[in-house]
Amino acid sequence: MNKINIIDTAQEYKNNKKNIDKAVLNVLKSGIYINGPEVKSFEDELSKFLNVKHCISCANGTDALKIALLSLDLKSGDEVIVPSFTFVSTAEVVVLLGFKPVFVDVDPRTFLIDIESIKKNITKKTRAIIPVHLFGQSADMKEIMELSKKNKLWVIEDSAQSLGSHFVFKNKIKNVEIKKFTGTIGHIGTTSFYPTKNLNCFGDGGAMFTNNNLIAKKIRLIKNHGQEKKYTYKEVGLNSRLDAIQATILRLNLKTLNQSNNKRRALAEIYNNELKSLDKILLPKYSFGIENHIFHQYTIIVKNSQNRNLLKNYLNENGVSSMVYYPKPLHKEIPYKIYNKSKLINSEVLSKKVISLPIHPLLTKKEIVWVSNLIKNFFRS
Ligand SMILES: Cc1ncc(COP(=O)(O)O)c(C=O)c1O
């Protein structure tokens, strides 16, 4: 068996080389590398795909969070609730902008922001919540939007890992279900197009989504130096742009996003079937059924934490890459621990027990079975 990587961007390029070469060459020939028609078309196509009024691109997912926060007119010292078990950007931007991150815990089985932990941490100074749709599935947006309404809090959904997944609103009285894409439910949604993401480009990229016209206007202003017209500044802004080459690649990848998310789901089902008999691990738990999960990661919990790194090494020795997302919860990291006084037990335990297995859409059933067999061998030996 060949080496199995956690992602394979070079192969992704090879598989679609003809289309990518043509699209990138067209951009190069056009001479329009910043803003312009490719970026505009991508924004229009993605907002149509997600059924959201505004899609505004920017340079990366971290900038998207930063610009989203800047657009909400928070004051220095205002509190922003963030999960501790996430990528650093979610909390980093809060600190950079002079706000206070309030770390909350996650659910021990879904890895998603825990609603009770949010409730316990809402104070008079809380202004916003940033739920993260971690590993490709939606946080509980019904509860979060209810808390937002009740406490007058902004909600910025960090959808860097979840583009194409849904939250399902159930109306029991009318007996109907309404599905909404993650990133389109809160006041603002943000995402990243980093090469490992489900909708990816071959460099850096990001976007913000909103249905609110005023917020959209403000975001457009901020991401372009606060300029209303050329050399007329209304705000202190920054420079954050998606370039045309990345936009043209994203337009191609958007066409196959559903297909590649379906493939990830099919691969997850194979892992589920192959690994279900192992009592030494816990398989991913779904908040709303497998059809709403896009498996940015397929993350298992190794019950005995001492086995986690041993398993990782064993897979590596057998040519299989795996990752630990995340080896330490943010509230334990040097720049962030000053903001936290309480123990966030689930985040702390998970960081010792989780391991993410390869699940990118170019993998085959045979390869997933191979990885699963290695895991079975490891635990049975
Ligand atoms: C949850 C989450 N938020 C934000 C980001 C930041 O995105 P970027 O790397 O494009 O800045 C990432 C990227 O890994 C992420 O996983």
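Remember, it's 1-based here, ligands and their atoms both numbered in the order they're listed.
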- Under 3.5 Å side-chain donor-acceptor pair for N224 and Y233: no
- Among all protein heavy atoms, pick the one closest to atom 15 (C) of ligand 1 and tell me residue, atom and distance. A160 CB, 3.5 Å
- Item | Which residue and heavy atom of the protein sit nearest atom 11 (O) of ligand 1, plus the separation | T62 OG1, 2.5 Å
- Query: Are the ring centres of H331 and Y336 closer than 6.0 Å?
  - Reply: no
- Message: Counting only heavy atoms from other residues, nucleotides and ligands, does the tally under 6.0 Å from CG of N239 exceed 12?
- Response: yes
- Where ligand 1 meets V132 - atom numbers and elements under 4.0 angstrom, heavy-atom basis: 1 (C)
- Message: Please report whether the ring centroid of F193 lies less than 6.0 Å from that of F42.
- Response: yes
- Query: Taking distance alone, with no angle check, do K197 and ligand 1 share an N/O pair under 3.5 Å?
  - Reply: yes
- S89 to ligand 1: N or O pair under 3.5 Å? no
- Give a yes-or-no answer on whether the side chains of H54 and N213 include a donor-acceptor pair shorter than 3.5 Å. yes
- Note on the structure: With heavy atoms and a 4.0 Å threshold, my read on which part of N60 contacts ligand 1 is both
- Message: Tell me the nearest of F193, F87, Y325 to atom 12 (C) of ligand 1, using heavy-atom distances.
- Response: F87
- Message: For D158, which part has a heavy atom under 4.0 Å from ligand 1: side chain, backbone, both, or neither?
- Response: side chain
- Minimum-distance protein heavy atom relative to atom 9 (O) of ligand 1: S192 OG, 4.1 Å
- Message: Is the terminal nitrogen or CZ of K142 (NZ for Lys, CZ for Arg) located under 6.0 angstrom from the six-membered ring centre of F169 and within 45° of that ring's axis?
- Response: no
- Measure the distance from atom 8 (P) of ligand 1 to every protein heavy atom, then report the residue, atom name and distance (to 0.1 Å) of the closest one. G61 N, 3.4 Å
- Does one side chain, of N262 or R264, offer a donor that lies under 3.5 Å from an acceptor on the other? no
- Does an N or O anywhere in Q161 fall below 3.5 Å from an N or O of ligand 1? yes
- Task: Would you please say whether a donor-acceptor pair under 3.5 Å links the side chains of S159 and T182?
- Result: no
- Could you tell me whether some N/O pair between Y194 and ligand 1 is separated by less than 3.5 angstrom? no
